[in-house]
Amino acid sequence: MREGHLEETLRRIIAQALVDRVKDPRIAFVTINEVRLSRDKTSAQIFYTVLGSDEERRKSMQGLRSSAGFLQSIIGDSLRLKTIPRLHFRYDDSLDRSFRLEEILDDLHSGPEGEAERSEEMRFIPYPPPPDLVEVFREHHSFRLTTHVNPDADGIGSLLGLGLALEAAGKTVQMVRHEDGPSAFSVLPGYDRAVLPGELQGEDEVLVLLDCHELERIGPAADGLTGREKVVVIDHHLTGDGDSEGEVQWIEPAAAASASMVHSLVGAMEELSLSGEVASCLYAGLITDTGGFRFSNTDATTLHVGGDLVEHGADAAALAESFLHRRSPATLRLLARVLDSFDYRLGGKVVLARMTRAMCEETGGRMEDTEGFVNFATSAEGVELVALLKEVDEQTWRVSLRANDPYDVQRVAETFGGGGHAKAAGCTLQGPVEEVEERILEALSRELQMETAEG
Ligand code: AMP
Ligand code: MN
Ligand code: MN
């Protein structure tokens, strides 16, 4: 079945089932507008609208989420599919947005006295956040912001950017960093005020996961939670088979970085402002996740968001220097060792590379400062897939996976309990290094064959 056709079929099945089969008064005023399938067809975003008040909107969201499993089983019964997609409901505010445009046009006609208001209204919001998420930030006062373990600049930049914006609006915020981040983090505003998980104080009303959607991925930052916190997810990773956490989830795989989503969230809340400091944190996240606007996640919107951040005070050259270019001599010695480890396999289409603790000790390089090393392997002619194994301890290897078009390493990572994006993903494997390498190589070889067979 063609993808567009399948999406429309799914839309009709779901809309019909809501009328005929799901007996839930909360979804009475729901209209299903559009279904968008992920590339691998394992997850679907269902865009819907609701006639009625904010309260009715909130209830329909709960009703839809609680019927997702039932709807999936109806889809399974109605269509012969290899996998039944997991359903993610997203409030479709394109209608709200067109109303907003009308307001802006009205303002334009209302003359010079509307000037100040108008500049507020002209905020650039390419990824409108779900209304229930905005509501959580409005209604609550204390927030604990976290990101995934082994944080990258997108995780930490999104966290600091949102944290500083909320603080400026009078909210109480605890920003949790992880030990041993990349050295470049120290240039980010607010990083010196972020605390280690052990330094957290008291309870917070809301726990926010940035750039990840599973509590296991925030490691020790989850310690000491009471379970009473409201959990909010802001992430651009595809949801795999693992259950995502959070009562309020905002997952936007089309966004190049979580920082782009935070940029839209700040834009959507009039009480938050995009200060130069906030913009700098977000810009650092955006440039690292796009490799300096070079990876395939770079589209026109990515560049527009970058432009908006620079317009609001992010120093493009200085941040690129800190996050993409400058390395210590020790880090470069470590790079030489990693480059030297490249092992070309499967007719030169796959590179296996290694970074051991011994290499770090011998060169003085830190594993945290090796962002981008793995990309050197994708630049080698003829190479399609790359795995860089980083030694955590003798029996534990963190694997960074990369793919060139049309290959997909997210599905490879997922088979090992990891995740990420189609072109950049990761997972952690246990065992001696030779064994880990063979398992990874076997999975990559299957990915090569699958794509060859499909294409
Ligand atoms: P890295 O190779 O560490 O740069 O990670 C590439 C991408 O995969 C990033 O978006 C990570 O957040 C994601 N990722 C890495 N390791 C894991 C994991 N164990 N589970 C889920 N996602 C991961
Ligand atoms: Mn990340
Ligand atoms: Mn990210």
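Counting convention: from 1, in listed order, for ligands and their atoms alike.
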Report task. Would you check if the Mn ion (ligand 2) lies under 2.8 Å from any N, O or S atom of His237? Result ->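 Given the 2.8 Å cut-off, His237 does not count as a ligand of the Mn ion (ligand 2).
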
Between [Y] and [X], is there a salt bridge with N-O shorter than 4.0 Å?
X      : Y      : answer
Lys349 : Glu384 : no
Lys423 : Asp408 : no
Glu252 : Arg90  : yes
Glu271 : Arg138 : yes

Query raised in the report: Can a donor-acceptor pair be found between the side chains of Arg337 and Thr363 at a distance below 3.5 Å?
Result: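 Short answer, no.
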
**Report entry** Between Lys41 and Thr83, a side-chain donor and acceptor under 3.5 Å
**Finding:**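 The criterion, which ignores hydrogens and geometry beyond distance, is not satisfied for Thr83 and Lys41.
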
Query - Proximal candidate to atom 1 (P) of ligand 1 [heavy atom criterion; set Glu216, Arg402, His236] - result: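 Among Glu216, Arg402, His236, the closest heavy atom to atom 1 (P) of ligand 1 belongs to Arg402.
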
**Report entry** Heavy-atom gap His237 to ligand 1 smaller than 4.0 Å
**Finding:**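 Judged by the 4.0 Å heavy-atom criterion, His237 does count as contacting ligand 1.
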
Requested in this report: Examine Asp152 and say whether one of its N/O/S atoms is closer to the Mn ion (ligand 3) than 2.8 Å.
Outcome: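 No - counting backbone and side chain alike, Asp152 has no N, O or S atom under 2.8 Å.
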
Query raised in the report: Which residue holds the protein heavy atom closest to atom 7 (C) of ligand 1, what is that atom called, and what is the gap in Å?
Result: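 The answer is Ala424 O, 3.5 Å.
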
Report task. Among all protein heavy atoms, pick out the one at the shortest distance from atom 3 (O) of ligand 1; state its residue, atom name and that distance to 0.1 Å. Result ->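 Checked against all protein heavy atoms, atom 3 (O) of ligand 1 sits closest to Ser400 OG, 3.7 Å.
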
Query raised in the report: Would you say ligand 1 has an N or O under 3.5 Å from any N or O of Gly419?
Result: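 N/O-N/O distance below 3.5 Å exists for this pair.
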
Report task. Would you check whether Arg217 has a nitrogen or oxygen atom less than 3.5 angstrom from a nitrogen or oxygen atom of ligand 1? Result ->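 By distance alone, the answer is yes.
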
Requested in this report: Please find out if less than 6.0 Å separates the ring center of His421 from that of His236.
Outcome: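 Centroid distance His421-His236: below 6.0 Å, so yes.
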
Report task. Using the Mn ion (ligand 2) as the apex, give the angle to atoms NE2 (His148) and OD2 (Asp211), rounded to 10 degrees. Result ->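 Rounding to the nearest 10 degrees gives 80°.
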
